[in-house]
2 protein chains.
Amino acid sequence: MAKARHSRLDCTPGCAVEAAVSLIDGKWKAVILYHLQDGTTRFNELRRRAGDVTPRMLTNQLRELEADGLIEREVFAQVPPRVEYSLSDRGRSLSPIIAALKAWGDANMDLFARR
Amino acid sequence: MAKARHSRLDCTPGCAVEAAVSLIDGKWKAVILYHLQDGTTRFNELRRRAGDVTPRMLTNQLRELEADGLIEREVFAQVPPRVEYSLSDRGRSLSPIIAALKAWGDANMDLFARR
DNA sequence: GCTCATAGTGTCTAAAAGGATACCGTCCCG
DNA sequence: CGGGACGGTATCCTTTTAGACACTATGAGC
């Protein structure tokens, strides 16, 4: 699971903001959640869509998202192996935010172009 | 400025999502943006509200947010010194997202309580 | 028999982020 | 004269994150 970045929960109201951010932080988590909105996706399919994630990183991020209850993992006992990832209800409740982030990112692309 | 976590911008559509996240990532940035919504705030006032930020971290985060054009910094040549931080237009355009994150965080507090 | 695809794991290392602590000059208040 | 508020800096150290790269088993297709 993603590490809690703040140990106390009874801090100022802004704390919930940071707590939420800590879940989608991690270099690939937001991207994974974004792509999972298209529906159930397999491991290597995600890998291809995300660009250049190493399998180790992808595994890490998926495991954390799963531990946080944002995604679900279903294993089919076949050969070759088949594992499907999908959004959980909680993960789906995050969709509007992911969409808003994408919209904001697109609208502010000039910011990133400078780098 | 916050480091660009992805070097290429022409990646899959999810890239904008990650780019946006990278701006509010950093342990205190989201909290700072949240508190700045109440209006112009001074350095030590932010420090008190955020809980237990060290001045070094607060300076870092504020400088990055400023470099990213999300906040503005105004120095008054007085003694004792007076420095005020406020949201820029771009920063204000992020407000709905911050608010959504806070709402989501509050609604999913059970997740964080487990830690 | 060779190679490919699947879904990962293990190890090692580099880089970045975050934290602790001490310190600065100036002025005001008592 | 001592102490506090202000808005930071400087230095050092630890933790966390991310990346490269190699490797696994199985079966299918050529």
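Numbers restart at 1 for each chain; the letters A, B, ... are given by sequence-line order, proteins then strands.
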Student: Would you tabulate the pairs of protein nitrogen or oxygen atoms and nucleotide nitrogen or oxygen atoms of nucleotides 1-7 of chain D closer than 3.5 angstrom?
Tutor:
| unit_1 | atom_1 | unit_2 | atom_2 | d |
| --- | --- | --- | --- | --- |
| D:dC6 | O3' | B:R42 | NH2 | 3.1 |
| D:dC6 | O3' | B:P81 | O | 2.8 |
| D:dG7 | OP1 | B:R42 | NE | 3.0 |
| D:dG7 | OP1 | B:R42 | NH2 | 3.1 |
| D:dG7 | OP1 | B:V83 | N | 3.1 |
| D:dG7 | OP2 | B:N44 | N | 3.3 |

Student: What is the distance from CG of A:D25 to C1' of D:dT17, rounded to the nearest Å?
Tutor: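 In whole Å, D:dT17 C1' and A:D25 CG are 10 Å from each other.
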Student: Of the non-hydrogen atoms in A:S86 and A:T40, which two are nearest, and what is the gap between them?
Tutor: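 Distance-wise, the nearest heavy atoms are CB-OG1, 3.5 Å.
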Student: Start with the C-alpha distance between B:R82 and B:E84, add both sets of side-chain angles, then the distance that settles salt bridge (charged side-chain N to carboxylate O under 4.0 Å, His left out), and finish with yes or no.
Tutor: CA-CA 7 Å; B:R82 174 186 188 82; B:E84 292 187 343; 2.7 Å; yes
Student: Taking atom P of D:dG19 as reference, at what distance in whole Å does atom CG of A:L58 sit?
Tutor: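 Rounding to the nearest Å, CG of A:L58 and P of D:dG19 are 12 Å apart.
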Student: CZ of A:R47 versus C1' of C:dT6: gap in Å, rounded?
Tutor: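 Atom CZ in A:R47 sits about 11 Å away from atom C1' in C:dT6.
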Student: With DNA chain D as reference, determine whether B:T59 or A:V79 sits nearer its 5' end, using the nearest nucleotide of each.
Tutor: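 Nearest-nucleotide comparison on DNA chain D picks B:T59.
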Student: Passes side-chain contact (heavy atoms from CB on, under 4.5 Å), A:L46 versus A:Q61? Steps please.
Tutor: CA-CA 12 Å; A:L46 272 176; A:Q61 305 282 290; over 6 Å; no
Student: Any idea which heavy atoms bring B:L58 and B:F43 closest together, and the distance?
Tutor: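 Taking every non-hydrogen atom into account, CD2-O, 3.7 Å.
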Student: A side-chain contact here means heavy atoms from C-beta on lying under 4.5 Å apart; do A:D25 and A:L23 qualify?
Tutor: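 Heavy-atom side-chain distance check fails, nothing below 4.5 Å.
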Student: Starting at CD of B:E74 and ending at P of D:dG8, how long is that distance when rounded to a whole Å?
Tutor: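 In whole Å, D:dG8 P lies 13 Å from B:E74 CD.
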Student: Between B:N44 and B:R48, does the side-chain contact (heavy atoms from CB on, under 4.5 Å) criterion hold? Intermediate values first, please.
Tutor: CA-CA 6 Å; B:N44 278 341; B:R48 275 186 290 270; 4.1 Å; yes
Student: Figure out the CH2/P separation between B:W28 and C:dA16, and round it to whole Å.
Tutor: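 Rounded to the whole Å, the gap is 23 Å.
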Student: List every contact pair, protein side and nucleotides 20-23 of chain C side both N or O, where the distance is under 3.5 Å.
Tutor:
| unit_1 | atom_1 | unit_2 | atom_2 | d |
| --- | --- | --- | --- | --- |
| C:dA20 | N6 | B:R56 | NE | 3.2 |

Student: Between P on C:dA17 and CD on B:E64, what's the gap in Å once rounded to a whole number?
Tutor: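 Rounded to the whole Å, the gap is 7 Å.
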Student: What is the separation between atom CD on B:Q78 and atom C1' on C:dC28, rounded to the nearest whole Å?
Tutor: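 After rounding, the reported distance stands at 14 Å.
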Student: Within this structure, what is the CZ-to-C1' distance between A:F76 and C:dA7, rounded to whole angstrom?
Tutor: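 The distance from CZ of A:F76 to C1' of C:dA7 comes to 14 Å, rounded to the nearest Å.
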Student: Mind checking what makes salt bridge (Lys or Arg N to Asp or Glu O under 4.0 Å) contact with B:R73, not counting sequence neighbours?
Tutor: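 Partners of B:R73 under the salt bridge (Lys or Arg N to Asp or Glu O under 4.0 Å) test: none.
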Student: Can you tell me how far the OG atom of A:S93 sits from the CG atom of A:L70, to the nearest 0.5 Å?
Tutor: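 Output value for this atom pair is 7.5 Å.
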Student: With respect to the side chain of B:K27, which nucleotide from C:dG8, D:dG19, C:dG19 is positioned closest?
Tutor: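 Nearest listed nucleotide: C:dG19.
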Student: Is B:I71 reachable from B:F76 through a run of hydrophobic residues whose side-chain heavy atoms are each under 4.5 Å from the next?
Tutor: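 No, separate clusters.
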